[in-house]
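Notes for the one structure printed next.
Numbering of residues begins at 1 and proceeds along the displayed sequence. It should be emphasised that the depicted structure is a prediction, and the values quoted were computed from it without experimental measurement.
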Amino acid sequence: MALDYKEFGRVGVLMGGCSSEREISLKSGKAIVHALQEAGCDVSAVELNSFDDSVNQRILREARIDIGFIALHGVYGEDGQIQGLLEKMRIPYIGSGVEASRIAIDKIQTQTRLAKNGISIPEFCVVRRGDGLRLEQVYDMLDRGLVVVKPACEGSSIGIHIVQDRDQLEPAMTQAFEYGPQVLIERYISGRELTSGILGEEALPVVEIRPKTGFFDFQAKYQKGMTEYIVPAQIGPELSREVQGIALQVFKTIGCCDLARIDFIIDQEQRPFVLEVNTIPGFTATSLLPMAAQVIGCDFQNLCLRLLKLAAGRRLNTNVHIL
């Protein structure tokens, strides 16, 4: 039986936060609030501005919410901290739990776990602040081609640089270290960028990403007109099924729940490599998971409602079929 939207109780859309992705979170949150209001839900915008659990616990208690719709990106949104606080307060929420969130936000932990489970990822190494000894491995990778320098725990392509030679390496790493003590260095793979969203336990149509600047950076992701999106991706049914299958495997390997977006690069030999896992993907006008859901007839409002049903089902300890 379908739930009456009133049975969700008061939905708190958690947005803002203090991460480098705060402005994107606010855009996502406002879009979700608007969609749920239009659907007739009792919804409250809950803006967080602190990393302090005690402060956020007070804000959540005053909001008197029954379900949390997490639209917080980055630190204290995707790293398990807000999930842990909601569990402590016995408030069900949408999305992955504490442990899966903690793993997925850390590109190093994610890639290490995927590699151990036989999932294809780019060759990588890890450099820690002050760890000059490991640079020889980076130099070896550079001698064989371009590398990508990434902060370990940032999203939205923040702090990422494509490096061509040793002269570019130090400034790229210096900037990446501004976001944390560890940096991931990956072999650059030239190819087509794809992403596969997961909703419930269903892989959505694959989206191809074609940034006009040649690199899917922060501006390309969030400024309209900077990137062309093709959905479904024009890659042929066999490769599409392969990418979707790997995405589901990644989703289960990390232990994700409800939704995620898995990013890929397809090399010249049509081999898919997993780049990263996003447990709280964007919900803005240019966001990819809503775009893919639209193709299967699930518009933005119904996407939000389907996710609420999953969380409500856990709260009621019953099997609730999504729309």
Side-chain angles (χ1 to χ4, degrees), residues 18-24 73-75 78-79 104-115 119-195 208-223 225-228 262-278 282 286:
C18 299
S19 80
S20 56
E21 299 178 76
R22 174 179 170 81
E23 293 306 312
I24 303 304
H73 304 312
V75 178
E78 295 180 76
D79 60 1
I105 196 174
D106 188 326
K107 296 179 179 67
I108 296 168
Q109 287 197 58
T110 297
Q111 299 301 68
T112 300
R113 178 166 292 205
L114 297 183
I119 297 170
S120 294
I121 60 169
E123 176 190 355
F124 76 94
C125 66
V126 179
V127 179
R128 294 168 180 82
R129 188 180 283 121
D131 186 7
L133 297 175
R134 297 297 296 275
L135 289 182
E136 289 306 318
Q137 189 175 355
V138 182
Y139 293 153
D140 176 65
M141 290 173 64
L142 260 176
D143 289 342
R144 292 181 283 117
L146 279 62
V147 300
V148 185
V149 177
K150 300 180 178 182
C153 298
E154 284 292 327
S156 293
S157 299
I158 292 172
I160 292 181
H161 295 275
I162 297 175
V163 172
Q164 299 180 1
D165 54 47
R166 295 189 183 190
D167 290 340
Q168 296 178 340
L169 182 61
E170 184 175 348
M173 290 179 59
T174 298
Q175 290 187 40
F177 277 129
E178 292 177 3
Y179 299 98
Q182 296 188 108
V183 169
L184 181 73
I185 313 289
E186 283 184 342
R187 179 173 64 88
Y188 174 78
I189 297 175
S190 177
R192 300 166 71 178
E193 295 186 59
L194 306 176
T195 191
E208 181 169 1
I209 302 161
R210 293 183 181 176
K212 294 183 179 179
T213 58
F215 176 51
F216 196 43
D217 58 10
F218 186 88
Q219 184 181 35
K221 283 187 176 182
Y222 297 112
Q223 185 173 326
M226 292 296 293
T227 300
E228 180 184 7
I262 319 299
D263 295 340
F264 293 83
I265 192 80
I266 308 297
D267 72 4
Q268 304 300 325
E269 298 177 17
Q270 301 298 294
R271 296 176 300 182
F273 293 85
V274 176
L275 297 179
E276 63 179 86
V277 179
N278 303 273
T286 58

> Between F273 and I121, is a side chain to side chain contact (heavy atoms under 4.5 Å, CB included) present by the stated rule, with each step listed?
Replying inline: CA-CA 5 Å; F273 293 85; I121 60 169; 5.6 Å; no
Here the pair of heavy atoms bringing I108 nearest to A152 is CD1-CB, 3.8 Å
- Item | Side-chain (R129) to main-chain (F177) donor-acceptor, under 3.5 angstrom | yes
side-chain hydrogen bond (donor to acceptor under 3.5 Å, both in side chains) filter on R166, not counting sequence neighbours, yields none
Q) Is I185 close to V183 at the side-chain level, that is, under 4.5 Å between some pair of heavy atoms? A) yes
Residues passing the side-chain contact (heavy atoms from CB on, under 4.5 Å) test with Q268, sequence neighbours excluded, are S190
Check step by step if side chain to side chain contact (heavy atoms under 4.5 Å, CB included) holds for V75 and C18. CA-CA 8 Å; V75 178; C18 299; over 6 Å; no
>> Do I265 and P272 have side chains that approach each other closer than 4.5 Å (heavy atoms only, starting at C-beta)?
In response: no
Original post:
Is there side-chain contact between S120 and R271, with at least one heavy-atom pair below 4.5 Å?
Top reply: no
For D167, the side-chain contact (heavy atoms from CB on, under 4.5 Å) test, sequence neighbours excluded, returns D165
Rounding to 0.5 Å, atoms CD (Q164) and CG (L142) come to a distance of 10.0 Å
side-chain contact (heavy atoms from CB on, under 4.5 Å) filter on T174, not counting sequence neighbours, yields E170
Sorted by chain and number, sequence neighbours left out, side-chain hydrogen bond (donor to acceptor under 3.5 Å, both in side chains) with Q175 holds for H161
*Check against side chain to side chain contact (heavy atoms under 4.5 Å, CB included), R210 and R192*: CA-CA 8 Å; R210 293 183 181 176; R192 300 166 71 178; 4.2 Å; yes
Heavy-atom nearest pair, H73 first then E78, reads CA-OE2, 3.4 Å
Taking the side chain as every heavy atom from C-beta outward, state whether T110 and E276 have any atom pair closer than 4.5 Å. no
Residue set satisfying salt bridge (Lys or Arg N to Asp or Glu O under 4.0 Å) with R113, at least two apart, ordered chain then number -> none
Side chain to side chain, Q111 and P122, heavy atoms closer than 4.5 Å: yes
The salt bridge (Lys or Arg N to Asp or Glu O under 4.0 Å) partners of E186 (sequence neighbours excluded) come to K150
By side-chain hydrogen bond (donor to acceptor under 3.5 Å, both in side chains), R22 pairs with (sequence neighbours left out) E47, N49
I want to check something: taking the side chain as every heavy atom from C-beta on, are Y188 and V147 in contact at a cut-off of under 4.5 Å? no
Residues passing the side-chain hydrogen bond (donor to acceptor under 3.5 Å, both in side chains) test with D140, sequence neighbours excluded, are R144
I would like to know whether T112 and F124 meet side chain to side chain contact (heavy atoms under 4.5 Å, CB included); could you show each step before the answer? CA-CA 9 Å; T112 300; F124 76 94; 3.7 Å; yes
